[in-house]
Amino acid sequence: EDERHEHYMRLALSEARKSPPKPTNFCVGACSVASGLQNTEGDLLATGYTLECEGNTHAEQSCFIKLAALYGCKEEDLGEHLPEGAVLYTTMEPCNKRSVGNTPCVDRILGLRRRDGRQAIEKVYVGVSEPEKFVGVNEGRKRLEEAGIAVVHVPGFEEEILSVATAGHDKSD
Ligand SMILES: Nc1nc(=O)c(N)c(NC[C@H](O)[C@H](O)[C@H](O)COP(=O)(O)O)[nH]1
Ligand SMILES: [Zn+2]
């Protein structure tokens with residue numbers, strides 16, 4: 001079980017490395033996986049990294065944009081198309097506050113619901129909490145858990161994740 005989470009967190013980290021470093025955000029990687037299947041690999045559905053898709057996109061957001069393309073639906077209807085047991089791995093916990101005009105990823109995740117109202121993303125696996133550099137304390141975890149979405153920390157990658165995430169920041173920051 002743990003080695004599967006490590007496998008996907010490592011994949012998310014490899015995606016984060018592709019993100020162009022910037023001083024105004026973090027380089028993050030994410031991947032969505034269908035975990036309802038019995039085999040150990042599960043099914044990789046999509047990956048994403050910060051700024052991968054057009055605009056000021058977050059890793060999780062890029063993942064959802066690519067999933068919507070995969071299923072030929074609008075991002076807001078994605079919840080009806082994701083397979084049972086869909087989960088999200090992200091190197092940094094989903095944001096709960098963004099610069100003006102951008103929907104936080106916690107709201108994007110909460111918006112993914114099945115026809116019967118259940119959350120389509122059942123669990124979010126995170127490598128690190130969000131450092132308080134840009135938006136102070138990230139209250140997103142609580143909102144996800146209140147909606148019944150488990151937020152699970154995958155330990156062991158913190159240092160690598162943070163060094164990739166802050167590649168665009170001045171060392172003195
Ligand atoms: N989970 C997560 N995935 C990302 O892809 C990403 N870039 C962040 N970063 C969080 C950070 O707080 C915001 O990136 C800055 O606050 C700038 O906010 P904008 O992105 O410009 O809205 N967090
Ligand atoms: Zn975000």
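Start at 1 and go down the list; that is how both ligands and their atoms are numbered. The figures that follow rest on heavy atoms only: side chains count, while hydrogens, waters and symmetry mates do not.
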Arg118 and Glu84: salt bridge (charged side-chain N to carboxylate O under 4.0 Å, His left out), yes or no, with the steps? CA-CA 11 Å; Arg118 275 181 307 130; Glu84 279 301 318; 2.9 Å; yes

N/O separation below 3.5 Å, Phe26 to ligand 1: yes

What part of Glu93, side chain from CB on, backbone N/CA/C/O, both or neither, has a heavy atom under 4.0 Å from ligand 1? backbone

Numbering as shown, the atoms of ligand 1 that approach Thr50 to under 4.0 Å (heavy-atom distance): 4 (C), 5 (O), 7 (N)

Under 4.0 Å, heavy atoms only, figure out whether ligand 1 is touched by the backbone of Phe134, its side chain, both or neither. side chain

Which of the atoms of ligand 1 are close to Thr24, meaning less than 4.0 Å from one of its heavy atoms? 15 (C), 17 (C)

Determine yes or no for a side-chain-to-main-chain donor-acceptor pair under 3.5 angstrom, with Arg108 supplying the side chain and Glu76 the backbone. no

Which of the atoms of ligand 1 are close to Glu130, meaning less than 4.0 Å from one of its heavy atoms? 10 (C), 11 (C), 12 (O)

Any N/O pair Thr57/ligand 1 closer than 3.5 Å: no

Numbered in order shown, the ligand 1 atoms found under 4.0 Å of a heavy atom of Met92 are 1 (N)

Report the relative orientation of the aromatic rings in Tyr89 and His5; use parallel for angles under 30°, tilted for 30 to 60°, perpendicular for over 60°. tilted

SB check Lys142 Glu146 (cutoff 4.0 Å): no

Distance from atom 8 (C) of ligand 1 to nearest protein heavy atom, with residue and atom: His58 CE1, 3.6 Å

Is it true that the side chains of His153 and Glu158 contain a donor and an acceptor less than 3.5 Å apart? yes

Within the distance-only criterion (no hydrogens, no angle test), does the side chain of Lys66 pair as donor or acceptor with the backbone N or O of Thr47 below 3.5 angstrom? yes

Has Arg143 got a side-chain atom pairing as donor or acceptor with Val106's backbone, closer than 3.5 angstrom? no

Enumerated ligand 1 atoms positioned under 4.0 Å from heavy atoms of Glu60: 1 (N), 2 (C), 3 (N), 4 (C), 5 (O)

Starting from atom 19 (P) of ligand 1, what is the nearest protein heavy atom, named by residue and atom, and what distance separates them? Ser99 OG, 3.4 Å

Consider every N or O of Asn56 and every N or O of ligand 1, then say whether any pair is closer than 3.5 Å. yes

Determine all donor-acceptor pairs shorter than 3.5 Å in which one atom belongs to a side chain in residues 19-33; sequence neighbours excluded.
from  : atom 1 : to    : atom 2 : distance (Å)
Ser19 : OG     : Thr50 : O      : 2.8
Ser32 : OG     : Ala46 : N      : 3.3

Numbering the atoms of ligand 1 from 1, which are under 4.0 Å from a heavy atom of Arg98? 19 (P), 20 (O), 22 (O)

Considering the heavy atoms of Ala59, write down every atom of ligand 1 situated less than 4.0 Å from one of them. 4 (C), 5 (O)

Which atoms of ligand 1 have any heavy atom of Val135 under 4.0 Å away? 16 (O)

Is the closest side-chain heavy-atom distance between Leu112 and Phe64 below 4.5 Å? yes

Ring-ring centroid check His58 Tyr49, cutoff 6.0 Å: no

The atom name of the N, O or S atom in His58 nearest to the Zn ion (ligand 2) is ND1

